[in-house]
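One structure is given below, encoded as structure tokens.
Throughout, a chain's letter reflects where its sequence line sits, starting with A, and its residues are numbered from 1.
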Amino acid sequence: MLLELKNLYKWVNVGGNRNFLLKDVSLNVNEGEFISIMGPSGSGKSTLLNVIGMLDQFDEGEYNFLHESVHKLKEKQRAGLYKQYIGFVFQAYHLIDELTVYENIETPLLYQDVKASERKALVADILDRFNIVGKKDLFPTQLSGGQQQLVGIARALIAKPKLILADEPTGNLNSKQGEEIMELFKQLNNEGVTIIQVTHSEKNAAYASKIIHLLDGRIEKEEKLS
Amino acid sequence: MIRNYFSIAFRSIRKNKAFTAINVLGLSIGISAALVICLLVQYDFNFDNFHKDGDRIYRAVTVSTFADESYKNPGITSPMADALQKEGTGIEIVAPLRTEWQIKVSIPTTSSNKPVVFKKQANVVYADERYFKIIEYKWLAGNPAASLKDPYKVVLTSSIAAAYFPKAPASDLVGREIYFNDTIRSVVSGIVADIDKNTDFNFQVFISRATLETTSLKPRDWQQWNNTNSSSQLWMKLAPATTPKKVEAQMLALFEKNRHKEVGETGKTEHLLQPLSDMHFNADYGNYHGHMGHKPTLYGLLAVAAFLLLLGCINFINLTTAQASQRAKEIGIRKTMGSSKGQLIFQFMSETFLITFIATVLSVIMAPLILKIFGDFIPSGLHFNLFQQPLIIVFLLLLLVIVTLIAGFYPAIILSGYKPVTVLKNQVIASGGRSRNANLRRSLTVAQFVIAQVFVIATMMVGKQINYTLNKDLGFKKDAIITLSTNFFDKNVDNKNVFLQKLKAIPEISMISLSSNAPASGGSWSSTMKYKDGKKEIETDVQIKLGDTNYLRLYDMKLLAGTYLEPSDTVRQIIINQTYSKVLGFQNPQDAIGKIIEWDDKQVPIVAVAADFHQQSLRTPIKPLIISSWASSSRTFNIALQPQNAEGTVWSTAIAKVEKAWKEIYPEDDFEYSFLSEDIAKYYNSEKNVVRLLSWATGLAIFISCLGLLGLVIFITVQRTKEIGVRKVIGASVSQIVSLLSKDFLKLVLIAFVIAVPIAWWGAHKWLDNFAYKTELSWWIFLIGGVVMALLALITISIQTIRAALANPVDSLRTE
Ligand SMILES: Nc1ncnc2c1ncn2[C@@H]1O[C@H](COP(=O)(O)OP(=O)(O)O)[C@@H](O)[C@H]1O
Ligand SMILES: [Mg+2]
């Protein structure tokens with residue numbers, strides 16, 4: 001098992017009242033799964049994904065990642081997990097504006113102390129795979145939304161993560177671009193990468209093996225696809 | 001990785017040109033000031049710190065106390081040296097020195113029968129082998145044991161040898177003749193290399209001590225235990241186990257055993273050992289007329305450097321934390337890619353390092369400029385050359401690291417502390433950490449302006465005191481008076497009379513007086529005088545001035561009782577000042593007239609009491625003083641000029657005529673005169689330097705602080721662009737918007753003023769304590785200081801707020 005959430009709660013206090021963002025969420029994710037999270041806007045999808053990605057804290061319950069309690073992880077260990085295990089893809093791309101496409105993709109490798117020659121080869125490889133070799137010296141602001149998201153995904157993949165967390169990766173893209181990215185996820189999943197994505201699109205959600213429906217911070221239903 | 005950091009750093013530097021310029025400029029001013037000041041300070045602290053066993057080298061000095069006043073003398077009674085040599089214990093080397101004040105040197109030449117003459121040579125000293133055992137020189141010719149053994153032998157340093165005997169190699173010089181004051185024929189017996197490190201031992205001509213001892217040149221005080229002459233100095237190196245206290249006790253015992261005691265004496269004489277390391281800084285004893293260090297000034301300078309650096313660092317902290325939210329997204333992303341907090345701190349520190357490095361490079365370029373600005377402060381021996389002084393590079397690297405840490409650490413902690421989730425959810429603006437940073441920025445800005453404000457007030461205060469001293473009524477007239485002195489060695493008394501007669505014939509001169517010196521003069525001469533009032537004897541150390549009948553009239557000094565002196569060639573009558581009259585216990589000046597003062601076994605009647613006047617700078621109090629007539633010992637001509645005419649030619653004509661007369665009577669001597677008012681102004685040179693330095697420091701402090709303020713205002717106006725646009729659309733006027741934006745900043749400047757006032761008051765109060773006569777700490781100084789600061793801040797703020805307020809609101813609102 002890659003990760004498990006047990007009876008997780010997250011809330012904010014608004015004028016003395018607890019305002020629940022996540023309510024009694026339990027979820028098991030095995031290695032190699034492809035999960036889609038769906039639900040109306042404000043239902044807590046991003047919150048759940050951020051908790052899974054350990055970017056956000058929870059208030060009650062248990063969360064084990066690779067059989068280790070996340071509560072007990074130190075910041076260093078968490079940074080280590082990000083380096084080796086987890087790749088993030090954001091709806092708003094979140095590229096570093098001051099770095100070129102090439103440098104953005106290269107950065108995760110820098111944190112992993114990958115040798116320069118190897119870095120060069122890996123980045124060249126992925127640029128090639130995503131068909132963006134010609135854009136490598138441009139800055140993010142010089143790219144279209146779709147191109148930026150490709151760079152964002154390329155950056156998430158460069159370090160060969162075991163888990164990809166994607167928050168509405170196709171939200172700002174047209175359907176053709178979205179489809180390309182879903183194909184890519186599918187392919188990665190076939191190679192053994194675990195993927196958890198948040199999406200609004202039924203069509204994109206269907207690429208997964210399991211769909212989790214959220215409503216008001218609560219898992220409304222789990223739907224297995226085959 | 002580092003390359004990735006640096007390319008980010010370079011790109012964000014380029015993106016924020018204004019902030020970068022402010023940061024770099026502020027830091028580089030601080031760094032170059034620190035560089036120059038540290039050069040200055042280390043120059044002074046490196047004096048004479050290289051001598052072998054330097055911690056065991058001492059100078060014996062004398063402190064005499066009369067009537068609660070101490071007189072410090074770098075010399076010691078002459079026979080002490082021989083007595084210590086014979087009877088002292090625990091002393092490795094006893095080295096007496098006798099300094100010579102200005103001597104005439106003539107070098108006979110083979111080519112013509114007229115010798116080459118060097119007038120007024122300083123740095124001449126009588127010494128023997130023992131001196132060279134304490135202070136080591138490299139001998140180029142001769143040797144310490146033999147060269148100074150016999151009378152009429154001279155050792156020269158190579159620099160002065162090159163001046164006296166151009167182009168001759170050292171080995172050829174031994175045996176060459178030198179005449180001192182035309183009469184003392186001596187022979188060069190050795191050449192030593194000049195000391196090339198910082199030293200107060202600036203002697204260039206060493207005449208063998210035997211020349212004094214065994215010839216008619218022997219000074220009068222040579223065997224006198226009761227006489228202390230500052231030119232009779234005594235250096236010694238103690239044995240390792242000896243403490244200075246032990247030697248001081250021995251000197252006291254020797255002094256008590258040998259001196260001639262008097263009945264009823266009230267004075268006290270002590271002999272102390274002054275450590276070698278103290279000489280460069282202790283003005284009480286002085287060095288050998290060379291540049292001296294003043295520790296309070298040096299520490300003050302260090303403080304100035306530290307403050308300027310701090311101001312630059314504060315700008316950096318303020319502007320970086322203000323902009324932090326712009327970097328927040330990058331931080332969040334990097335964290336999700338696995339960057340640790342430490343790596344982020346390192347990244348931002350390397351950015352700070354880069355900015356500081358640019359500032360350092362700039363400051364190296366600026367340093368020579370600043371050295372020029374501080375020219376008056378900078379001793380001639382101090383040089384700045386990056387490539388010949390590796391220590392400077394080490395210092396700069398050190399400074400680079402320290403400044404990087406101070407300026408960069410806090411922003412790095414703040415930036416690296418951002419939580420990725422808040423960043424990625426765009427919650428940075430709303431988070432609580434920001435307002436805490438805003439408070440820190442406010443506090444730092446207040447601190448900056450406190451520093452600048454204290455500088456402003458201090459500068460004004462020092463300026464006021466100098467103004468006061470220069471304009472204070474000294475008790476005598478000082479304008480339109482020139483003084484000049486005849487050669488000390490001129491034994492022909494008639495010359496002075498002839499010169500006097502010639503001066504009297506010049507119509508542009510209104511009055512002439514012959515005296516020992518002007519009423520206020522740098523040097524002083526004093527002696528112990530006694531007065532018996534029937535019951536007890538009052539012994540006082542009294543200042544002595546010699547002046548003829550005209551002296552008091554020329555200087556417009558008031559007599560409180562009695563009459564002017566009668567002309568006299570020897571001391572027959574004296575005038576005392578009011579201070580002395582009070583010391584002697586006369587309620588009414590009139591009571592002093594006719595009383596007898598004993599001075600060197602002479603009984604002299606008091607003929608008048610003069611109103612007090614200042615005898616030295618206003619730092620020293622007015623002391624008991626007598627004026628007597630003694631024509632043969634008076635060498636200074638005091639010349640009062642007629643009032644200047646409209647064309648301004650009277651004085652120059654008078655001086656030209658005086659010079660002509662001088663040349664007729666003293667063809668050998670240079671004509672050197674000075675205006676008394678200028679001489680007096682020179683007493684305050686060090687204060688004037690302090691004012692100049694403070695003005696510069698103040699200017700720079702204000703500049704850096706206002707730069708920082710400007711940066712913050714730019715930041716705020718950019719942040720509030722939309723709000724400004726909305727307000728304008730609603731109908732706010734430009735002035736309303738300007739005051740809205742400026743109010744917060746002005747408040748900070750006012751808070752700074754409130755904090756700065758007590759600090760400045762305390763500092764100015766302490767500084768004024770150095771002066772016996774001082775101006776008061778007026779409230780309006782503080783007020784004006786505050787207003788000046790507030791105005792400067794307001795102008796700075798307005799540069800940006802007015803621009804922001806004038807911007808067309810449509811532009812800012814359309815961008816949304
Ligand atoms: N830190 C927070 N404080 C208060 N409310 C929050 C916070 N984070 C999210 N929310 C609220 O929680 C709800 C769930 O948000 P989110 O997970 O972003 O929803 P989704 O991604 O499903 O649209 C929303 O109503 C949002 O306003
Ligand atoms: Mg969302």
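To the nearest 0.5 Å, the span separating CG on A:L99 from CD on B:E330 amounts to 6.5 Å. Distance check, rounded to the nearest 0.5 Å: OG1 of A:T107 to CD1 of B:I8 gives 7.0 Å.
Applying a 4.5 Å heavy-atom cutoff, the residues of residues 333-342 of chain B that approach chain A are B:I333, B:R334, B:K335, B:T336, B:M337, B:G338, B:S339, B:S340, B:K341. Of residues 73-85 of chain A, those residues lying under 4.5 Å from chain B by any heavy-atom pair are A:E75, A:A79, A:Y82, A:K83.
The residues B:R11 and A:E103 are annotated as salt-bridged, a charged nitrogen and a carboxylate oxygen being separated by less than 4.0 angstrom. With salt bridges taken as basic N to acidic carboxylate O contacts below 4.0 Å, none links A:D97 and B:K15.
Within 6.0 Å of CZ in B:F409 there are 12 or fewer heavy atoms belonging to other residues, nucleotides or ligands. Atom CZ of B:F346 has 12 or fewer neighbouring heavy atoms from other residues, nucleotides or ligands inside a 6.0 Å radius. The local environment of CZ in A:F20 is crowded, with over 12 non-hydrogen atoms from other residues, nucleotides or ligands closer than 6.0 Å. In the displayed structure, A:D216 atom CG is contacted under 6.0 Å by at most 12 heavy atoms of other residues, nucleotides or ligands.
Between the side chain of B:K419 and the backbone N or O of A:D56, no donor-acceptor pair lies under 3.5 Å.
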